[in-house]
Enquirer: 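One structure coming up, written as structure tokens, with questions to follow.
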Amino acid sequence: MQRSLVDVAWQVEEVGLNLRPAPVETYMEGWLIRASGGPVRRINAICATQFRSSRFETVLKTSEDLFQRLGRPTIVKVLSMGDDIDGLLEERGYRSEGRSHVLLAEHTARSPDTSIAKVQVGNADNEWFDAWATIAKPMSAEARSVFENSMRKIVLPKVYAAFKVGGQIVSMAYGVLHQGRLGVDAVATRSDHRGCGYARLVVSALQDWANGKGVRQSCLSVEADNTPALALYRSCGFDLHVYDYHYRVKRSTTGNVV
């Protein structure tokens, strides 16, 4: 990876960290140890920063002890522009999962069509959270609590978008501004309304809002095997593939995740 693109990759990774804050985390040797509970890996993983030390094995041992005390699996987020730790983790019984691409879009200024989607600046309302809890996937009470707590920890400028049919939210997303970029997350459409272009409308609504703030770039992550989502994001201008990441999850001697 070229030096300039590596710098962009780390800047975009920082957007991602601020896009989904971990209500519980600690900082060690330039590594973030996120331990917030719930099913979402990125707020329950060891994450590299640009300022990490080379003492990853020390960080890993401390993290394993911490996650064991919490009764949770140890998860490591492995970045393509980061350190070569895959082999070490493989040897120690960490399985690979969740391979994802991080994409960047350039968007030109245009007049926003405010009729296409409701855009709410600041905190999301209960209607938005209720829709997320059912549209994304059936969510346990714990998972919803962790998600809402994470959203409320966002201190950067943020915006929530929703598209309604028959008075009900059928497509949604949110965005956060950081260092001249819009991070986009939680893009979801109800299963019986997919293929109608609604997700493109809500993402475009977020980009229009960012344009109004003078921001002309947006970024997001998508699982590498999610072909429909990749096509959607290409249609929204996410055509620069910045970097990849995947997770390594510790499994027990019986092969189960511990």
Side-chain angles (χ1 to χ4, degrees), residues 1 6 9-102 136-137 139-154 183 185-186 221-226 242-258:
M1 190 182 287
V6 170
W10 283 114
Q11 292 164 12
V12 171
E13 176 66 9
E14 188 172 284
V15 176
L17 291 172
N18 287 316
L19 185 60
R20 185 68 71 90
V24 179
E25 68 179 19
T26 189
Y27 192 68
M28 180 181 180
E29 298 272 354
W31 297 77
L32 278 174
I33 305 171
R34 310 181 109 196
S36 300
V40 177
R41 288 172 297 212
R42 59 182 145 159
I43 58 172
N44 290 286
I46 307 165
C47 301
T49 74
Q50 194 171 7
F51 310 104
R52 68 208 178 281
S53 77
S54 59
R55 289 162 45 89
F56 173 69
E57 291 190 58
T58 300
V59 174
L60 182 62
K61 178 62 171 66
T62 300
S63 301
E64 288 176 336
D65 292 344
L66 183 152
F67 285 113
Q68 184 176 35
R69 290 197 304 273
L70 293 173
R72 300 177 192 158
T74 302
I75 304 173
V76 183
K77 185 178 183 183
V78 181
L79 304 171
S80 62
M81 73 286 193
D83 302 314
D84 184 10
I85 56 178
D86 243 356
L88 169 68
L89 293 170
E90 177 74 25
E91 289 175 1
R92 297 196 179 184
Y94 284 75
R95 76 180 184 200
S96 179
E97 61 184 43
R99 188 170 68 90
S100 300
H101 302 318
V102 178
K137 60 181 66 175
M139 188 177 289
S140 69
E142 180 200 12
R144 175 166 177 163
S145 176
V146 171
F147 178 73
E148 292 188 17
N149 195 17
S150 178
M151 294 299 95
R152 294 190 175 104
K153 295 295 183 184
I154 299 171
D185 196 21
S221 63
V222 55
E223 291 202 350
D225 59 358
N226 191 340
V242 185
Y243 64 98
D244 291 331
Y245 68 86
H246 61 275
Y247 294 96
R248 286 279 182 174
V249 182
K250 184 64 176 291
R251 56 176 177 260
S252 70
T253 55
T254 60
N256 297 319
V257 174
V258 296

Enquirer: Atom CD of Q50 and atom CD of E14: how far apart are they, to the nearest 0.5 Å?
Expert: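 Atom-to-atom, Q50:CD and E14:CD are 8.0 Å apart.
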Enquirer: Could you grab the distance from atom CG of L17 to atom CD of E25, nearest 0.5 Å is fine?
Expert: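 That separation rounds to 8.0 Å.
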Enquirer: Please report the closest heavy-atom contact between V146 and G38, naming both atoms and the distance.
Expert: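 Heavy atoms of V146 and G38 come nearest at CG2-N, 4.1 Å.
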Enquirer: Return the minimal non-hydrogen interatomic distance between L66 and A35, and the atom names on each side.
Expert: CD2-CB, 4.0 Å
Enquirer: Take I75 and F67 through the side chain to side chain contact (heavy atoms under 4.5 Å, CB included) test and state the conclusion after the steps.
Expert: CA-CA 9 Å; I75 304 173; F67 285 113; over 6 Å; no
Enquirer: Considering only heavy atoms from C-beta outward, does the side chain of T74 approach that of Y94 to under 4.5 Å?
Expert: yes
Enquirer: Looking at every non-hydrogen atom in both residues, tell me the closest pair between G98 and E223 and how far apart they are.
Expert: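 For G98 versus E223, the nearest heavy atoms are CA-OE2, 4.3 Å.
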Enquirer: How far does CZ of R41 sit from OG of S100, to the nearest 0.5 angstrom?
Expert: 7.0 Å
Enquirer: Output the distance between atom NZ (K77) and atom CD1 (I85), rounded to the nearest 0.5 Å.
Expert: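 It is 12.0 Å, given to the nearest 0.5 Å.
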Enquirer: Any side-chain to backbone donor/acceptor pair from R34 onto R42? Under 3.5 Å, distance only.
Expert: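 Yes: the side chain of R34 pairs with the backbone of R42.
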Enquirer: Can we say D65 and K61 salt-bridge, meaning some charged N sits less than 4.0 Å from an Asp/Glu carboxylate O?
Expert: yes
Enquirer: Tell me whether N44 contacts the main-chain N or O of V40 through its side chain, where contact means a donor paired with an acceptor under 3.5 Å.
Expert: yes
Enquirer: Could you tell me whether a side-chain N or O of W10 sits under 3.5 Å from a main-chain N or O of T49, the two making a donor and an acceptor?
Expert: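 Not at all, since once roles are kept as given, no pair shorter than 3.5 Å links the two residues.
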Enquirer: Taking the side chain as C-beta and beyond, is there a heavy-atom pair between D86 and H246 under 4.5 Å?
Expert: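 A side-chain contact exists here, since the closest heavy-atom pair is under 4.5 Å.
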Enquirer: If we ignore angles and hydrogens, is there a donor and acceptor under 3.5 Å between the side chains of E13 and Y243?
Expert: yes
Enquirer: Taking the basic N atoms (NZ, or NE/NH1/NH2) and the acidic carboxylate oxygens, is any pair closer than 4.0 Å for E148 and R152?
Expert: yes
Enquirer: Can you see which heavy atom on P73 is nearest to which on V249, and at what distance?
Expert: CB-CG1, 4.1 Å
Enquirer: Could you tell me the separation between the CZ atom of R95 and the CD atom of E90, rounded to the nearest 0.5 Å?
Expert: 12.0 Å
Enquirer: Got a donor-acceptor contact below 3.5 angstrom from the S150 side chain to the A22 backbone?
Expert: no
Enquirer: K250 versus Q68: any side-chain heavy-atom pair under 4.5 Å?
Expert: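 No. Closest side-chain heavy atoms not under 4.5 Å.
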Enquirer: From W31 CH2 over to T62 OG1, what is the distance, rounded to the nearest 0.5 angstrom?
Expert: 13.0 Å
Enquirer: Report yes or no: does R248 contribute a side-chain atom to a donor-acceptor pair with the main-chain N or O of L89 at less than 3.5 Å?
Expert: no
Enquirer: At their closest point, which heavy atom of L19 faces which heavy atom of G183, and how far apart are they?
Expert: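 In terms of heavy atoms, the two residues are closest at CD1-O, 3.4 Å.
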Enquirer: For P21 and I43, work out which heavy atoms get closest and say how close.
Expert: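 Between these two residues, the closest heavy atoms are O-CG2, 3.6 Å.
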